[in-house]
Amino acid sequence: MTSPLQQKLRITGPVVVTANRLGDGAVIYRTDGGQWSTRLEQAAVVTTAAAATTLLAGATADDITAVGAYVAPVRQDADGALQPGNLREAIRHAGPTIALPGVI
Amino acid sequence: MYLYDDLDRTLVTERAAEFRDQVARRLSGELTEDEFKPLRLMNGIYLQLHAYMLRIAIPYGSLSSDQMRTLAHVARRYDRNYGHFTTRQNIQFNWIKLAELPDAMDDLARAGLHGMQTSGNCVRNITTDQWAGVAPDEIEDPRVWAEILRQHLTLHPEFSFLPRKFKIAVTAAAHDRAAIRVHDIGLRLHRNGAGEVGFEVVVGGGLGRTPFIGKTIKPFLPKRDVLSYVEAVLRTYNQFGRRDNIYKARIKILVHDLGAEAFAKEVDAEWQPIKDGPLALDPAVVAAVAGHFRYPGYETLSDNPPELAKARASDRRFGTWFANSVTNHKAPGYAIVTLSLKPEGGPPGDATAEQMDAIADLADRYSFGEIRVGHEQNLVLPHVAQRDLPAVWRALEALGLATPNIGLVSDIIACPGLDYCSLANTRSIPVAQELTRRFRDLDLAQSLGRLHINISGCINACGHHHVGHIGLLGVEKNGEEVFQVTIGGQADENAVLGTLIGPAVPYAQVADVVEDIVEAYLELRTRPDEIFLETVKRVGVEPFRERVYATR
């Protein structure tokens, strides 16, 4: 299987690097400072393939914190806030679109 | 119930201990994710969109009340208070933490539960009829054979790295409730012309991206030969199955490419040298395995006791539930009760920890401590005395488990879809929920008769859409969720793949489209008891296509 770093990135807009946290699988985003955050607004946003490749390389190297890092699209809403760029990322960010049955 | 012996208990306990060590090494950084991933998958642990998912096998769908309580405990202690029963007699927990998984595995192991072979390219959980052992139309209990296969194929080194995953289902009834013809191997116990009982062996069935109905390669296989023959099928597949292309790696592609006859010849060549060897089943071994199943000590009872007759006569709602959810049992005076996990607006197959605990209590009180899980994502109390049915119904009503929709339009099979699954392209649960609201009128549902809607959120077809009477397949098109609609599929002994009716429809229109199809059926059927499938067979898909696309 080709690793994410060997794949040529095609970037057509703003992107972030996201992954799942090793200990609990929570969705996390790579920050400007080379850390991880569960908050999308703290994610490092890049717009070129070169910058995305660099960001992804740093994320992938951190195998002990994050699993399965990849580049995901984002967009800015009218207020300038960062939003996930597609439905899959929106669900990863906000959780299932359904009420969970076991909530007590 | 099957009772574990010391060997079984040791295997499960040692596996949990081994996994604890693997998790510790992963969390410390000693193992990379590439090294750890195959190890976690061998224990049924996936990484989904928002969390780890743990899949636990429920072999041949049989659960004890204590095991159900353990599942409730895992849901409550380690997850978010619910679990999801799947189309392969497994349960999945969606929010489990890797760091807590070893403790969860220990708790499960103490109840004889595990995630072995619920993932990976091995022989997966062997499934069967959820009414096994109690169905009046079966010739013997198929779980004995599922158990013999399970014992032989668990951690079998030769079959731990097959070209792709491998699913086996067994039935012993005239009506196939285990969907054996859409499995890699389907085994059907039946009686031949000489009155002997043996297996019809069906291979190469499957859904997913390239669906096939399985082909019969052995119309009658003596029971003594089932292990050696299954071994020969697996060896043939292991040797010739494709490993160069994941989309062509399942046995169904091999059987299709070679042709069933040529495939059967290859299997036979593999089988002849081993058929009379150690794998030939000694009747004493079969009897020993069968002896590990404990059957209830049924009372001597009569059918239709006064308590039941009175409740049916005096309470219409009870009568509706009885007619829909209660089935004849082998033993006089007993009944099989199906618990609907498809309430209006609910995610199909989900049960809360409280429901699981309550079901366990009901099983202890009314069903000899036994519960079954069916591939249609409902549960079963398999041994309820008919006199107790009114009390069981009241208890189930209070738990939200008595929706009388078994086999009806709102008894929908659905995969977790994009709300959970990292493979999915679209959501499927909200589509199912909306359909259960549209068809909340149970009088209408009853008048429609048998009508199975199956929904998959991607081409992998975990929701069995190809064999739904109405099948819905979610695909992504230009960033939008759209659904392909098929009709006329069925998963039983007359298994057939559904036919696509036309272009995919937008997510927001799916429920309208299903309503259009149902309205067309009501107009097209020639008598009230002509079920949807019969109408489709008689008139074809064209009238339905016209109705759906006339205004779209």
Side-chain angles (χ1 to χ4, degrees), chain A residues 1-6 10 12-13 15-29 36-40 56-57 59-75 83-104, chain B residues 23 26-37 45-53 75-76 79-84 94-100 246 341 343 345-347 350-355 400 416-422 424-427 429-430 432-433 476 479-481 507:
Chain A
M1 184 179 262
T2 311
S3 90
L5 292 176
Q6 292 170 310
R10 289 171 56 189
T12 56
V15 296
V16 299
V17 166
T18 182
N20 292 86
R21 193 161 56 196
L22 175 67
D24 61 3
V27 175
I28 49 177
Y29 302 95
W36 294 94
S37 172
T38 55
R39 297 169 61 181
L40 178 58
L56 183 60
T60 307
D62 185 8
D63 185 60
I64 193 143
T65 309
V67 180
Y70 64 95
V71 173
V74 289
R75 60 180 177 79
Q83 300 293 341
N86 58 35
L87 177 63
R88 184 179 194 275
E89 290 307 318
I91 291 174
R92 287 184 76 242
H93 180 246
T97 62
I98 55 174
L100 302 187
V103 173
I104 50 174
Chain B
V23 171
R26 174 65 186 120
L27 290 172
S28 73
E30 190 182 333
L31 291 179
T32 66
E33 185 60 20
D34 285 347
E35 291 165 333
F36 179 65
K37 185 176 177 182
I45 294 139
Y46 290 74
L47 185 52
Q48 297 285 37
L49 288 185
H50 341 261
Y52 290 96
M53 183 268 279
R76 193 177 285 119
D79 208 88
R80 295 193 183 178
N81 215 47
Y82 68 100
H84 173 75
N94 292 301
W95 301 98
I96 209 129
K97 295 178 174 66
L98 182 63
E100 295 182 352
I246 191 173
L341 294 183
D350 282 10
T352 65
E354 288 69 30
Q355 286 176 319
L418 192 56
D419 282 297
Y420 296 99
C421 178
S422 60
N425 297 120
T426 72
R427 291 168 288 169
I429 292 172
Q433 290 173 310
E476 189 229 309
E480 299 295 323
E481 298 168 282
Y507 174 86

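All chains are named by letter (A, B, ...) in the order of the sequence lines, taking the proteins before the strands, and each is independently numbered beginning at 1. Please read all numbers here as calculations on a predicted model, not as lab measurements.
Between atom CD1 of residue Ile64(A) and atom OG1 of residue Thr32(B) there is a gap of 10.5 Å, rounded to the nearest 0.5 Å. Interatomic distance, CZ of Arg21(A) versus CG of Leu47(B), reported as 12.5 Å (0.5 Å rounding). Asn86(A) CG to Glu476(B) CD: the interatomic distance, rounded to the nearest 0.5 Å, is 7.5 Å.
What you find for Tyr52(B) and Leu22(A) is that their closest heavy atoms are OH-O, 2.7 Å. When every heavy atom of Thr352(B) is checked against every heavy atom of Pro101(A), the shortest pair comes out as CG2-O, 3.3 Å.
One N or O on the side chain of Asp419(B) and one on the backbone of Thr97(A) form a donor-acceptor pair closer than 3.5 Å. A donor-acceptor pair under 3.5 Å links the side-chain atoms of Asn20(A) to the main chain of Leu49(B), judged by distance alone.
Counting heavy atoms from C-beta outward, Lys37(B) and Val67(A) have side chains that stay 4.5 Å or more apart. Within the 4.5 Å cutoff, side-chain heavy atoms of Ile91(A) are placed close to those of His50(B).
Comparing Ala75(B), Ser422(B), Gly346(B) by how many heavy-atom pairs each has under 4.5 Å with chain A, the most go to Ser422(B).
If you measure heavy-atom distances from Asp63(A) to chain B, the contacts under 4.5 Å come from both the backbone and the side chain. Of the atoms belonging to Gln433(B), it is side-chain heavy atoms, and not backbone ones, that fall under 4.5 Å from chain A. Heavy atoms of Pro347(B) lying under 4.5 Å from chain A belong exclusively to its side chain. Residue contact with chain A, scored on non-hydrogen atoms closer than 4.5 Å, is absent for Thr426(B). Using a 4.5 Å cut-off between heavy atoms, Glu481(B) touches chain A through its side chain atoms alone. With a 4.5 angstrom heavy-atom cutoff, Ala353(B) does not touch chain A via any of its atoms.
In the displayed structure, Glu480(B) atom CD is contacted under 6.0 Å by at most 12 heavy atoms of other residues, nucleotides or ligands.
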